[in-house]
**Q** 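Once you've had a glance at the structure underneath, I'll fire off some questions.
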Amino acid sequence: MTLVRLGYVAMSVHLENASPSKTMTYTRFSKLDDRDAAIRKLEQIAETNLHNCLRLLRHNLAHDIAFFRLSSKLVPLATHPDLKGWDYIQSVQSSLEEIQKFLTRNTNVRVDFHPDHFVLLNSPGPDVLKNSIKSLRMHYRLLQGMGVNPEHRCVLHVGGGYGDKEKALEQFIHNWAFVSPDLQSMIILENDDKVFTLSDTLYLSEKLAVPMVFDYHHYLANHTESENWREDWERVVQTWDSSTVPVKMHISSPKSDKQFRAHSDYVDSAMFMDFLREIKGTVSQIDCMIEAKQKDAALFKLMDDIQKYPEIEIVDGGCFHIT
DNA sequence: TCGTGTCAAGTCAAT
DNA sequence: ATTGACTTGACACGA
């Protein structure tokens, strides 16, 4: 028997006016004459985002959803070079504490981050690496501010291929040494849909002792003939052995045959069931992050779709057993 | 209030 | 060498 919890990404299609990603672009910021007022505006936006984030967590609680990806755009321009010295954490301290209170009361809730795709740890460019580390530091501070243990809370892809995949993998290992241990401990790695397959990512995960997030959709889009995810599944699970959080994976469905890599509105329940039948019993618990255009609506629909299967025993709105 | 264009980021394919 | 696609949500602006 395996306990499965479903989660969704950053924003709700049901909760209105609750964006956690409101922003101000640098172009607009730089056009404002009063810099102090502009920074106060940024702080207001950040507070609104964090407040909406808390509203989303409450919405999730009301629907028994205990797994959630936080937006990486909570604090606009936090890592911009022109805002060096801005103590953005201090400015949103009270909002972070509100979230901390919520998470302290609801210790079963798992939150994590997936930084935008320009956070690249295997880049051969020193500036790209430096900016990536800066962004990771922001994620780390936000987690700390929310009272969340940052360990294994941040999903990254391996990065760019740079025309030589083997070299790019070794570049990751090389660059890893420049990432401080506290940031290293925050990271988990995911196979991607164009360059780094399950095997590639597993290689890094095992070498660097970083848990691996298996993305089934990416696997379908990007794997070699010799690869069969079932053969590697035990190794994926083992990368989580020393973690304090359960095994995590990503679930999504192709938009179409033509746009196979793009995310569909909803998750195909038959495909999901096929997957679950293969892995049931191999782990006691697995958290599945649903990456679908319809966000929480896709989660609700999937819960609804799978209840008809006899091996599924619904626990609550976002959680079930498979036997 | 609706649709269209712009904004950020880095990589990569195309020209 | 430069440009545009890719991706995604939000904002600016004009109708």
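Note on naming: letters A, B, ... go to the chains in the order of the sequence lines (proteins, then strands), and numbering restarts at 1 for each one.
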**Q** On DNA chain C, nearest-nucleotide positions of Arg28(A) versus Met11(A): which is more 5'?
**A**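 The answer here is Met11(A).
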**Q** For Asn222(A) and dC12(B), give me the distance from atom CG to atom C1', rounded to whole Å.
**A**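 These atoms are roughly 15 Å apart.
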**Q** Are OP1 or OP2 of dT8(C) and a side-chain N or O of Lys73(A) less than 4.0 angstrom apart?
**A**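 For Lys73(A), the contact criterion (side-chain N or O under 4.0 Å from OP1 or OP2 of dT8(C)) is not met.
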**Q** Go through the side-chain N and O atoms of Thr197(A) and Asn222(A) and say whether any donor and acceptor fall under 3.5 Å apart.
**A**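 Thr197(A) vs Asn222(A): no donor-acceptor pair found between side chains.
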**Q** Determine whether the aromatic ring centres of His114(A) and His139(A) lie less than 6.0 Å apart.
**A**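 Not under 6.0 Å, so no.
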**Q** Please state how far atom CG in Leu77(A) lies from atom P in dG9(C), giving the value in whole angstrom units.
**A**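 Interatomic distance, CG of Leu77(A) to P of dG9(C): 19 Å.
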**Q** dT11(B), OP1 or OP2 - any side-chain N/O from Ser123(A) closer than 4.0 Å?
**A**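 Yes, because at least one side-chain N or O of Ser123(A) sits under 4.0 Å from OP1 or OP2 of dT11(B).
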**Q** Round to the nearest Å and state the distance from Lys134(A) atom NZ to dA8(B) atom P.
**A**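 From Lys134(A) NZ to dA8(B) P: 16 Å.
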**Q** From the options dT11(B), dA10(C), dC7(B), select the nucleotide whose nearest atom is closest to the side chain of Tyr162(A).
**A**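 Comparing dT11(B), dA10(C), dC7(B) against the side chain of Tyr162(A), the answer is dT11(B).
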**Q** Assess the pair His157(A) and His218(A): is the distance between their ring centroids shorter than 6.0 Å?
**A**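 Between His157(A) and His218(A), the centre distance is under 6.0 Å.
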**Q** Output the rounded distance in Å from CD1 (Ile45(A)) to C1' (dA12(C)).
**A**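 Value for this atom pair: 13 Å.
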**Q** Out of dT7(C), dA10(C), dA9(B), which nucleotide sits closest to the side chain of Phe118(A)?
**A**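 From the listed options, dA9(B) comes nearest.
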**Q** Find the distance Phe29(A):CZ to dA12(C):C1' and express it as a whole number of Å.
**A**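 These atoms are roughly 18 Å apart.
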**Q** Can you check the Asp127(A) CG to dG10(B) C1' distance for me, whole Å?
**A**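 Spelled out: CG on Asp127(A) to C1' on dG10(B) is 13 Å.
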**Q** Between dG5(B) and dG4(C), how far apart are the C1' atoms? Round to whole Å, please.
**A**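 Between the two C1' atoms, the distance is 16 Å.
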**Q** Rounded to whole angstrom, note down the C1' distance from dC2(B) over to dT7(C).
**A**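 Between the two C1' atoms, the distance is 24 Å.
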**Q** Please classify the nucleic acid contact of Gly163(A) as base, sugar-phosphate, or nothing, using heavy-atom distances under 4.0 Å.
**A**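 Since no nucleic acid heavy atom lies under 4.0 Å of Gly163(A), the category is nothing.
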**Q** Using atom CG of Asn175(A) as one end and atom C1' of dG10(B) as the other, report the distance to the nearest whole Å.
**A**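 Interatomic distance, CG of Asn175(A) to C1' of dG10(B): 15 Å.
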**Q** Are Phe300(A) and His63(A) an aromatic pair by the rule of ring centers under 6.0 Å?
**A**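 That pair passes the under 6.0 Å test.
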**Q** Quick check for you: among dA8(B), dG9(C), dT8(C), whose closest atom lies nearest to any side-chain atom of His263(A)?
**A**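 Out of dA8(B), dG9(C), dT8(C), the nucleotide with an atom closest to His263(A)'s side chain is dT8(C).
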**Q** Of the nucleotides dA8(B), dA9(B), dG9(C), which one has an atom closest to the side chain of Thr25(A)?
**A**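 The answer is dA8(B), which lies nearest to the side chain.
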**Q** For dG9(C), does either OP1 or OP2 sit under 4.0 Å from a side-chain N or O belonging to Lys295(A)?
**A**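 It does, given that an N or O in the side chain of Lys295(A) lies less than 4.0 Å from OP1 or OP2 of dG9(C).
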**Q** Could you tell me the separation between the NZ atom of Lys167(A) and the P atom of dT11(B), rounded to a whole number of Å?
**A**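 Between P of dT11(B) and NZ of Lys167(A): 14 Å.
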**Q** Side-chain N or O of Ser21(A) less than 4.0 angstrom from OP1 or OP2 on dG9(C)?
**A**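 Checking Ser21(A) against dG9(C): no side-chain N or O falls below 4.0 Å of OP1 or OP2.
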**Q** Any luck finding a side-chain donor-acceptor pair between Arg137(A) and Ser180(A) under 3.5 Å?
**A**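 Yes, side-chain donor-acceptor contact under 3.5 Å.
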